[in-house]
Number of protein chains: 2
Amino acid sequence: MHKKTTILLAEDEPALGLIIKESLETRHFHVLLSENGERAFQVYQEHQPELLVLDVMMPRKDGFTLAKEIRAIDDTIPIIFLTAKSQTQDVVEGFTIGGNDYLKKPFSMEELIVRINNLLKRKEIQNTTEIISLGQFTFNFPKQLLQFNSEEPMQLTHREAHLLFHLIKNKNQVLDRSLILNKLWGNDDFFSARSMDVFISKLRKKLHQDESIQILNVRGFGYKLIC
Amino acid sequence: MHKKTTILLAEDEPALGLIIKESLETRHFHVLLSENGERAFQVYQEHQPELLVLDVMMPRKDGFTLAKEIRAIDDTIPIIFLTAKSQTQDVVEGFTIGGNDYLKKPFSMEELIVRINNLLKRKEIQNTTEIISLGQFTFNFPKQLLQFNSEEPMQLTHREAHLLFHLIKNKNQVLDRSLILNKLWGNDDFFSARSMDVFISKLRKKLHQDESIQILNVRGFGYKLIC
DNA sequence: AACCAGTGTTAACGTGTGTTAACCGATTAG
DNA sequence: CTAATCGGTTAACACACGTTAACACTGGTT
């Protein structure tokens with residue numbers, strides 16, 4: 001039997017909060033209940049839960065604001081918002097991008113469980129597939145981390161991570177310049193091309209530690225990552 | 001006539017599975033059809049196919065999970081996923097690293113054939129292009145490195161490496177000028193021919209250290225690498 | 001508002017690769 | 001023998017790419 005999944009539940013109405021907490025605990029989740037957004041943020045930092053269930057309407061920091069703050073720290077944690085019917089659909093849907101979902105009150109416990117399991121499964125897939133080993137490096141694409149052996153991981157920027165991802169996807173083959181430019185920069189004009197050169201240079205510097213990995217240029221066509 | 005390529009097809013919908021199986025068999029592939037992920041894994045272990053075509057949505061072990069298990073055993077086998085349109089692009093793309101590809105349902109049989117042949121060809125190239133020894137030299141084609149005994153390896157350019165590769169593949173036979181020109185330069189006009197002369201000259205200089213290796217000219221026909 | 005840190009783009013300058021040109025020797029047909 | 005052709009070699013060149021730094025923009029902090 002493996003460790004229980006920890007869920008942070010932020011709900012200001014005590015009666016509802018307890019019901020949800022108890023229901024989830026019968027499903028073998030470990031639930032931390034907070035009565036407002038500020039408190040929830042503290043609990044998040046102390047316990048680092050694996051999933052968040054946030055009421056949108058809360059005193060002392062609402063669910064959306066809280067979500068943004070936590071997303072700045074961890075941009076892959078799944079979040080489920082609990083919304084009252086007064087919330088406009090648009091605003092709520094805007095927040096469901098990424099690993100988010102939402103539930104309109106009132107909802108059945110079954111609906112919540114299904115959504116929790118869906119998000120956990122989706123994240124499971126991402127975690128186990130998008131950590132790629134590359135020579136002596138480990139590349140965690142969703143977290144944009146590049147680690148050499150067991151040294152301190154380097155934080156890559158968004159562009160660096162995406163470029164590296166595509167190079168790895170096409171490793172040992174020539175990756176077409178204009179293809180990558182159109183995919184990552186949206187066009188393949190002169191300036192984007194020069195910008196890409198800069199990022200190739202940055203990646204080479206970061207991959208320098210493992211001599212067996214090289215980004216070779218194929219003049220006029222693109223790049224080839226060999227490993 | 002060489003041995004048929006064995007493909008493992010995992011598809012839970014019997015009608016679709018049979019159509020694909022039969023189509024591939026008319027293209028002279030040997031197809032093993034399994035109706036779920038668990039069964040497919042058994043078949044994989046018994047027959048060790050050369051390529052996998054996996055439906056993502058399957059009862060008793062989905063395609064992604066199956067792929068992960070098989071990849072733990074063989075991390076080079078090419079895999080093609082068949083995905084329904086409900087699958088999010090991100091998750092699917094995460095799985096296309098390495099030797100993978102995917103096809104959105106519905107798809108034409110032609111698309112599938114093209115992808116199968118691409119992946120098989122790609123793997124073929126990787127297998128046949130390892131490290132070649134040439135007299136006292138070691139030539140690493142994918143990395144474009146030419147090493148004399150244990151001296152510091154020389155970094156070849158893309159053109160140099162490809163030209164040398166073809167010379168080696170046809171060593172001790174005459175390699176036709178226009179053949180190589182069409183293959184590497186895309187045409188065999190005057191200028192390309194002169195350009196090739198320059199590269200032959202460069203290669204001769206780099207191979208000079210080992211007297212027993214020579215690139216001989218056969219006037220009017222081409223070159224012969226002797227070693 | 002002023003400041004700072006992080007990210008990506010633009011600019012400036014340097015290097016490497018492949019093509020073209022120029023000049024040469026070798027081979028061969030007439 | 002000699003002119004024509006083919007290939008060898010070197011250098012000049014154009015341009016693709018590499019590297020570094022300056023700059024602009026964003027979002028957060030004081």
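Quick note on labels: first sequence line is chain A, next is B, and so on, each numbered from 1. Here the structure is a predicted model, which is why all the values come from computation and not from measurement.
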- Task: Mind calculating the distance between NZ (A:K206) and P (D:dG18) to the nearest angstrom?
- Result: 17 Å
- Task: Starting from C1' on D:dC25, measure out to CZ on A:R159 and report it in whole angstrom.
- Result: 14 Å
- Query: Which part of the nucleic acid, if any, lies within reach of B:T157 when heavy atoms closer than 4.0 Å are counted: base, sugar-phosphate only, or nothing?
  - Reply: sugar-phosphate
Between the side chains of [Y] and [X], is the shortest nitrogen-to-carboxylate-oxygen separation below 4.0 Å, so that they form an ion pair?
| X | Y | result |
| --- | --- | --- |
| B:D197 | B:R177 | yes |
| B:E50 | B:K123 | no |
| B:E110 | B:R27 | yes |

- Message: Ring-plane angle category for B:F137 and B:F148, please: parallel below 30°, perpendicular beyond 60°, tilted otherwise.
- Response: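 Answer is tilted, since the angle falls between 30° and 60°.
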- Assign a letter to each nucleotide of nucleotides 4-16 of chain D from its 5' end: B, base within under 4.0 Å of a protein heavy atom; S, sugar-phosphate only; -, no contact. -BBBBBB----BS
- Message: Using modelled atom types and a 3.5 Å cut-off, is there a donor and acceptor pairing between side-chain atoms of A:K21 and backbone atoms of A:V31?
- Response: yes
- Query: Taking side chain as C-beta onward, heavy atoms only, is B:L181 less than 4.5 Å from B:M196?
  - Reply: yes
- Message: Need two values: the first and the last nucleotide of DNA chain C, 5' to 3', having an atom under 4.0 Å from any heavy-atom of chain B.
- Response: C:dT17 to C:dT28
- Report yes if the distance between the aromatic ring centroids of B:F64 and B:F81 is under 6.0 Å, otherwise no.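 Between B:F81 and B:F64, which both carry aromatic rings, the centre distance is below 6.0 Å.
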- Query: Do A:H158 and A:H162 meet the criterion of a side-chain donor-acceptor pair at a distance under 3.5 Å?
  - Reply: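 Looking only at side-chain atoms, A:H162 and A:H158 do form a donor-acceptor pair, the distance falling under 3.5 Å.
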